[in-house]
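Step one of this worksheet: look at the structure below.
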Amino acid sequence: AEKWFMEMRRNTIAPNLACFNTMLHACAQKGDSYTAEVWFRKLRSMGFEPNKISFNSLLNASVKQGNIPQVQHWLEMMVCSGIHPDGVTFWTLARAFSPPGVD
């Protein structure tokens, strides 16, 4: 996904929020919360406001890493941004606090 994102930039195609959310989702799938946070900062630096998909991806990446303080941080940021958690958010949170092996 990152390769295509960079290819877009080389061809002067401006990314939109959906492009950034795709990058966040790819990071979440790998459980790479560090890179997800880097993409989140890029999203904000380009003037985009994160949405529910953005935050759910950050939460998912943090859950997959088992980083509960980071999960709590992103949930607080989501709510402070005026974005209400949805079913995906609650399912992700349930996974964060479930015993290992329970999905």
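For clarity, every value in this text was computed on a predicted model and none was experimentally measured.
- Minimum heavy-atom separation, Ile68 to Ala96: CD1-O, 3.5 Å.
- The shortest non-hydrogen separation linking Arg44 to Pro50 is CD-CD, 3.4 Å.
- Between Trp74 and Phe40, the ring planes are perpendicular. Angles over 60° get that label, and only those under 30° would be called parallel.
- Evaluation of the side chain to side chain contact (heavy atoms under 4.5 Å, CB included) rule for Lys30 yields Asp32 as partners, not counting sequence neighbours.
- Val79 places none of its side-chain heavy atoms less than 4.5 Å from the side chain of His84.
- Transitive grouping of hydrophobic side chains (ILVMFWY, heavy atoms separated by less than 4.5 Å) keeps Met77 and Val88 in distinct clusters.
- Among residues at least two apart or in separate chains, ring pair (Phe, Tyr, Trp, His ring centres under 6.0 Å) pairs with a member in residues 6-27 are Phe5-Phe20, Phe20-Phe48.
- A donor-acceptor pair under 3.5 Å is absent between the side-chain atoms of Lys52 and the main chain of Ile83, judged by distance alone.
- A donor atom on one side chain and an acceptor atom on the other are not found under 3.5 Å apart for Ser57 and Asn60.
- Residue Gln72 holds its CD atom at 9.5 Å from CG of Leu93, rounded to the nearest 0.5 Å.
- Residues Gln70 and Ser33 approach most closely at OE1-OG, 3.1 Å, considering heavy atoms.
- Using a 4.5 Å cut-off on side-chain heavy atoms (C-beta onward), Asn56 and Asp86 make contact.
- Between Leu17 and Glu49, the shortest heavy-atom contact is CD2-O, 3.6 Å.
- In this structure, the separation between CG on Leu24 and CG on Leu43 is 6.5 Å, given to the nearest 0.5 Å.
- Interatomic distance, Arg41 CZ to Met46 CE, rounded to the nearest 0.5 Å: 15.5 Å.
- Atom CG of Leu58 and atom CG of Asn21 lie 9.0 Å apart (nearest 0.5 Å).
- Asn67 and Ser62 share no side-chain donor-acceptor pair at under 3.5 Å.
- Summarising the geometry of Leu59 relative to Leu75, their closest heavy-atom pair is CD2-N, 3.7 Å, with the distance given to 0.1 Å.
- Closest of all the heavy-atom pairs between Ala28 and Ala61 is CA-CB, 3.7 Å.
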